[in-house]
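What follows is a set of notes on a single structure, which appears directly below.
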Amino acid sequence: MSDKNGVPFGPPSLRHVSDAQESGQVSLGPERERKLWRKIDLHLMPIFTLIYLFSFMDRGDLMYVGNAKLEGLMTQLQLTGSRYNVALVSQETPYTRYVLWWLPLTTLLTTINERMSMGFVKSYSQLFAIRFLLGMAEAGFFPGVVFLLTMWYPRYMLMYRIAIFTGATGAAAGAFSGLFAYGISFMNVGHLEGWSWLFIIEGLLTTTISLIGVFVLVDYPSTAKFLSVEERQFVEQQRSIGTGEDEEGTIAQRVLSAFLDRQIWVMGLMLMSFMAPAYGITFFLPTILNDFGYNVAISQLLTVPIFVIATIVMITVAHLSDAMKIRSPFLLAMEFVGLVGYIIQMTNSSAGVKYFGTYLTVIGLYAGVPCVVGWLANNLHGKYKRAVGMGIQAGMGNLGGIISSYVFRIQDEPRFMLGFAVQIGFICIGFIAMAALTFAYHRANVAKIARVKREGMNEAENAANLYVI
């Protein structure tokens, strides 16, 4: 796609990038390359997906405390007034500190399991404290995994992997959590109610999977024992195309450059425009469905198909985005779908129509998250800047969780008009940020191409340095 001057309005073709590679570089045939990426997928994706899947399921507070809320959490712990909202936000506060916490605390995720402790809390203050510790322990996992994926996969293979990872952790976890909560709702063993067993059992599952991860996870291609020397060189070669891994200056200067890069903050706003509304609908989806007139068990089951379909759409969108090598059009489409879904929730439509609206909301907002995260990862050059920048973006995105926790107030049930209006505002901010960033990237690409032509540089060799649009 190009403008009237012939300047590409989008990413360069990988064919040109391949042509630009030096003759001394490693080359694999199509069949060997396909088998190589499949082997890498099998070593990385299952363990990442399982750990974060169970992590999301047993958080029970960030997204799925709505299930526990229906199972007696509100009455037993006396979460009256704004206490429920404060309990929600207590875990989100450490999440806003990604850039400070994510490196050391990614390790803690495999050994600390405060989630299980949530099943034994007896008071509001205990719930708040455990949730805060949980947020600290999990603060670095998401940006850490996404950063690690950028150290393995090329630009246009990354989005699909992020979608698989995110789909299992967010959308699929919503489906399984609803089923799991439905089954556990019938458990009232000993002195513990169903909501306690919900946290305890899911916490045990997460602990087990995390301990397995300690022994099977691999770090970088250069140290991967399951790859041959030639395969390691090929992966490093492909992954480094267009990422500018050779950074100048000290580590402190590279970190500072991330804080001074405006694209990171704009991308943070874009992620917030997806995550705040996504958190909002998932915080209270079981309650919203329950207010349609269904009982607790049916309300939990009705959440399952919503998240299953959202997972399928998320992975499909990511695959198409990688195949077409563009990001912004898919983000625009997904944000619009989420907007329509929220508008439906504010109307006086029937329960069936609003249930359809929840499909649109969850599908649009969940499918957009990996696109935003992958878009920034594609356009940040240098591993230090990319690591810090993605931490900043993730922290800003999770600020949306704090806001969503407060705007969906108990006194606003069952319509939640204030909460829905605020989420629509976030989506509108996302539209503005997306338009501004797309224009800025296009203008930067125009300037780069003009400079290459003016200085007589090889266009193919510089094609990979253009921003992804």
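All values below were derived from every heavy atom in this structure, side-chain atoms included, with hydrogens, water molecules and symmetry-related copies excluded.
Nearest heavy atoms, N379 versus V468: OD1-N, 2.7 Å. In terms of heavy-atom proximity, I264 sits nearest to A258 at CD1-O, 3.2 Å. Residues I469 and P329 share a closest heavy-atom pair of O-CD, 4.3 Å. For the residue pair M314 and P370, the shortest heavy atom distance occurs at CG-CG, 3.7 Å. The two atoms that bring P154 and W37 nearest to each other are CD-CH2, 3.6 Å, heavy atoms only. When all heavy atoms are compared, the tightest approach of S321 to F330 is CA-CE1, 3.6 Å.
Side-chain atoms of N398 and Y279 form a donor-acceptor pair, as typed in the model, at a separation below 3.5 Å. Q345 and T358 form no side-chain donor-acceptor contact under 3.5 Å, judged by distance and modelled atom types alone.
Within a 6.0 Å sphere centred on CZ of F431, other residues, nucleotides and ligands contribute more than 12 heavy atoms. Within 6.0 Å of the CZ atom in R34, the count of heavy atoms belonging to other residues, nucleotides or ligands exceeds 12. Annotation for K35: atom NZ does not count as buried by contact number, only 12 or fewer foreign heavy atoms lying within 6.0 Å.
Without hydrogens or angle criteria, R327 side chain to C371 main chain gives no donor-acceptor distance under 3.5 Å. Formation of a donor-acceptor pair under 3.5 Å by the R155 side chain with backbone atoms of N378 is found in this model. Checking side-chain atoms of S404 against main-chain N and O of A276 turns up a donor-acceptor pair under 3.5 Å. Using a distance-only test at 3.5 Å, with no hydrogens or angles considered, no donor-acceptor pair links the side chain of T49 to the main chain of P46. Formation of a donor-acceptor pair under 3.5 Å by the N445 side chain with backbone atoms of L466 is not found in this model. The main-chain N or O of M270 is found under 3.5 Å from a side-chain atom of S273 such that the two form a donor-acceptor pair. A side-chain donor-acceptor contact under 3.5 Å links T311 to the backbone of F307. Checking side-chain atoms of T347 against main-chain N and O of I344 turns up a donor-acceptor pair under 3.5 Å. Side-chain N or O atoms of Y342 include none that pairs as donor or acceptor with a backbone N or O of I427 at under 3.5 Å. Without hydrogens or angle criteria, W152 side chain to L158 main chain gives no donor-acceptor distance under 3.5 Å.
Looking only at side-chain heavy atoms (C-beta outward), Q423 and M346 stay at 4.5 Å or farther from each other. By the 4.5 Å heavy-atom criterion applied to side chains, F48 and R161 are not counted as neighbours. Looking at heavy atoms from C-beta onward, F147 lies in side-chain contact with K383 at the 4.5 angstrom threshold. Residues L437 and Q263 are in side-chain contact: their nearest non-hydrogen atoms beyond the backbone lie under 4.5 Å apart. Side-chain contact between L339 and I424 is present, with at least one heavy-atom pair separated by less than 4.5 Å. Counting heavy atoms from C-beta on, the side chains of M396 and L269 come closer than 4.5 Å.
For Y160 and Y153, the ring centers sit 6.0 Å or farther from each other. In this structure, W375 has its ring center under 6.0 Å from that of Y441.
Atom CE in M45 sits 10.5 Å away from atom CG in L50 (nearest 0.5 Å). Separating the CG atom in L331 from the CG atom in L271 is a distance of 10.0 Å, to the nearest 0.5 Å. Residue H319 holds its NE2 atom at 10.5 Å from CD1 of I164, rounded to the nearest 0.5 Å. Rounded to the nearest 0.5 angstrom, F259 CZ and W265 CH2 are separated by 6.0 Å. If you take CZ on F356 and OG1 on T361, they are separated by 10.0 Å, rounding to the nearest 0.5 Å. Distance check, rounded to the nearest 0.5 Å: CD of Q393 to CE of M272 gives 10.5 Å.
Using cut-offs of 30° and 60° for the angle between ring planes, the F165 and F142 rings count as parallel.
The side chain to side chain contact (heavy atoms under 4.5 Å, CB included) test with D261 singles out one residue from V388, L376, L380, I392, and that residue is L380.
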